[in-house]
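Have a look at the structure below before the remarks.
All values derive from a computational prediction rather than experimental measurement.
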Amino acid sequence: MNTPLWTQYGLDPNTGNPPMAMDYRHVEMLHAEILKARPKVAVEIGSHKGHSLVAFLEAMKEIPEMEVHVFEPNPTDTLWQMVKEPYFTKRISVHPRPVWTYDMRPDFVFIDGDHGIPALADLAWCLTKYVPVIAMHDTRTAARLKNCDGAAAVANLLRGMGTREWNEDHEDRPNEWTWRGFGVSTVR
């Protein structure tokens with residue numbers, strides 16, 4: 001699969017088996033959702049090497065007032081290089097502690113951090129902050145990958161909330177890991 005954003009930011013498209021990063025197709029979907037929401041304050045929970053962060057970086061070019069907060073306990077050198085580009089430095093912050101230790105009010109949150117119980121704390125924080133758009137990765141992984149029960153629980157909660165709309169892609173495509181799922185919850 002062609003991965004122009006990953007190439008542009010110098011990211012290796014081979015992210016492991018199973019991959020540590022989300023599928024490139026889902027990165028493009030995330031980018032489209034950010035552009036649709038046009039947030040002023042966006043949050044990414046879990047970034048690892050920055051494979052999903054490229055969706056935010058590209059959106060920042062089209063939404064010049066948007067600031068991005070990345071919550072990543074173990075930022076890699078690759079991630080640091082991406083956020084140190086002069087165009088982004090004043091509008092992007094990397095935080096080593098969990099999102100729930102901060103007081104901010106984002107318009108858009110992407111959850112792809114710890115896939116265990118902490119994912120539920122991430123969701124609770126989003127709901128107490130009345131985040132209008134909550135996107136997440138690994139919405140369907142619990143049945144096929146270990147230690148993803150928290151991500152599945154978050155997706156199930158969002159899927160069942162009557163006050164929010166849920167859209168999800170979890171199609172099982174050849175040579176992709178999109179069956180893992182990418183979901184977006186928006187306030188009705």
Side-chain angles (χ1 to χ4, degrees), residues 1-39 42-63 66 68-72 76 78-79 82 99 106-116 118-119 122-123 126 131-159 164-186:
M1 175 178 255
N2 190 15
T3 59
L5 286 178
W6 288 352
T7 301
Q8 177 182 334
Y9 288 95
L11 296 171
D12 187 351
N14 301 310
T15 63
N17 187 5
M20 287 297 293
M22 67 191 290
D23 288 86
Y24 189 77
R25 179 185 306 269
H26 286 165
V27 171
E28 288 180 329
M29 289 178 182
L30 174 61
H31 179 250
E33 291 295 334
I34 297 165
L35 291 179
K36 181 177 163 186
R38 302 200 69 77
V43 165
E44 179 180 43
I45 301 172
S47 195
H48 191 52
K49 293 182 180 178
H51 285 82
S52 54
L53 180 61
V54 298
F56 290 93
L57 298 179
E58 282 301 295
M60 290 174 85
K61 293 175 182 176
E62 292 187 45
I63 311 169
M66 182 173 80
V68 176
H69 294 269
V70 178
F71 290 86
E72 174 54 56
T76 61
T78 306
L79 179 68
M82 291 170 67
V99 70
D107 308 292
F108 187 102
V109 173
F110 174 59
I111 301 173
D112 194 18
D114 189 312
H115 291 46
D122 295 340
L123 175 62
C126 289
V131 176
V133 182
I134 303 168
M136 67 175 298
H137 185 236
D138 289 322
T139 58
R140 301 282 179 148
T141 53
R144 292 166 73 175
L145 293 175
K146 293 180 185 178
N147 304 319
C148 291
D149 291 344
V154 168
N156 286 334
L157 287 167
L158 288 170
R159 199 177 286 119
R164 301 184 72 92
E165 189 173 314
W166 177 256
N167 292 299
E168 181 179 23
D169 176 72
H170 58 92
E171 188 175 326
D172 198 345
R173 298 175 177 95
N175 302 315
E176 294 184 55
W177 291 73
T178 50
W179 58 265
R180 290 164 57 181
F182 171 73
V184 180
S185 171
T186 53

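Ring geometry for Phe56 versus Phe110: interplanar angle of 30 to 60°, hence tilted.
Side-chain N or O atoms of Glu72 include one that pairs as donor or acceptor with a backbone N or O of His48 at under 3.5 Å. The backbone N or O of Asn14 lies less than 3.5 Å from a partner atom in the side chain of Asp12, making a donor-acceptor pair. Within the 3.5 Å criterion, the main-chain N or O of Ile134 finds no donor-acceptor partner in the side chain of Ser185. Not one N or O on the side chain of Trp179 forms a donor-acceptor pair closer than 3.5 Å with the backbone of Arg140. The closest donor-acceptor contact from the side chain of His115 to the backbone of Gly113 lies under 3.5 Å. Tyr9 places no side-chain N or O within 3.5 Å of a backbone atom of Leu53 that could act as its donor or acceptor partner. Of the possible donor and acceptor atoms, none in the side chain of Asp112 sits under 3.5 Å from a partner among the backbone N and O of Met136.
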Starting from the C-alpha separation in whole Å, work towards a yes-or-no answer on side chain to side chain contact (heavy atoms under 4.5 Å, CB included) for Glu176 and Tyr24. CA-CA 9 Å; Glu176 294 184 55; Tyr24 189 77; over 6 Å; no
Candidate pair His170 and Thr178, rule side chain to side chain contact (heavy atoms under 4.5 Å, CB included), full reasoning: CA-CA 6 Å; His170 58 92; Thr178 50; over 6 Å; no
Hey, mind stepping through Ile45 and Val43 against side chain to side chain contact (heavy atoms under 4.5 Å, CB included) and telling me if it holds? CA-CA 6 Å; Ile45 301 172; Val43 165; 3.8 Å; yes
Step-by-step salt bridge (charged side-chain N to carboxylate O under 4.0 Å, His left out) determination, Glu58 to Lys61: CA-CA 5 Å; Glu58 282 301 295; Lys61 293 175 182 176; 2.8 Å; yes
Worked verdict on Asp122 versus Val154 for side chain to side chain contact (heavy atoms under 4.5 Å, CB included): CA-CA 9 Å; Asp122 295 340; Val154 168; over 6 Å; no
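Once rounded to the nearest 0.5 Å, the distance linking CD of Glu28 with CG of Leu30 reads 11.0 Å. For the atom pair OG1 of Thr3 and CG of Leu11, the computed distance is 8.5 Å after rounding to the nearest 0.5 Å. In this structure, Thr141 OG1 and Arg180 CZ are separated by 7.0 Å, a value rounded to the nearest 0.5 Å. Taking CG from Asp107 and CD1 from Ile34, the interatomic distance works out to 12.0 Å, rounded to the nearest 0.5 Å. To the nearest 0.5 Å, atom CG of residue Leu5 and atom CG of residue Leu57 are 9.0 Å apart.
Contact record, Val27 with His51: CG2-O, 3.5 Å, taken as the closest heavy-atom pair. Shortest non-hydrogen contact noted between Trp6 and Pro13 is CE3-CA, 3.7 Å. Here the shortest heavy-atom pairing between Lys49 and Met82 reads O-SD, 3.7 Å. Pairing each heavy atom of His137 with each of Gly181, the nearest pair is CD2-O, 3.3 Å. Listed here is the closest heavy atom pair of Phe182 and Thr139: N-OG1, 3.6 Å. The shortest heavy-atom contact between Val70 and Ser47 is CG1-CB, 3.6 Å.
You'll find the side chain of His69 stays beyond 4.5 Å of the side chain of Pro106, heavy atoms only. Using a 4.5 Å heavy-atom cutoff, the side chains of Ile63 and Leu35 are in contact. Contact of the Val68 side chain with the Met60 side chain is registered, since non-hydrogen atoms from C-beta on lie closer than 4.5 Å. The side-chain heavy atoms of Ile111 and Cys126, taken from C-beta on, include a pair separated by under 4.5 Å.
In summary, Arg159 and Glu168 engage in a salt bridge, as defined by a charged side-chain N under 4.0 Å from a carboxylate O.
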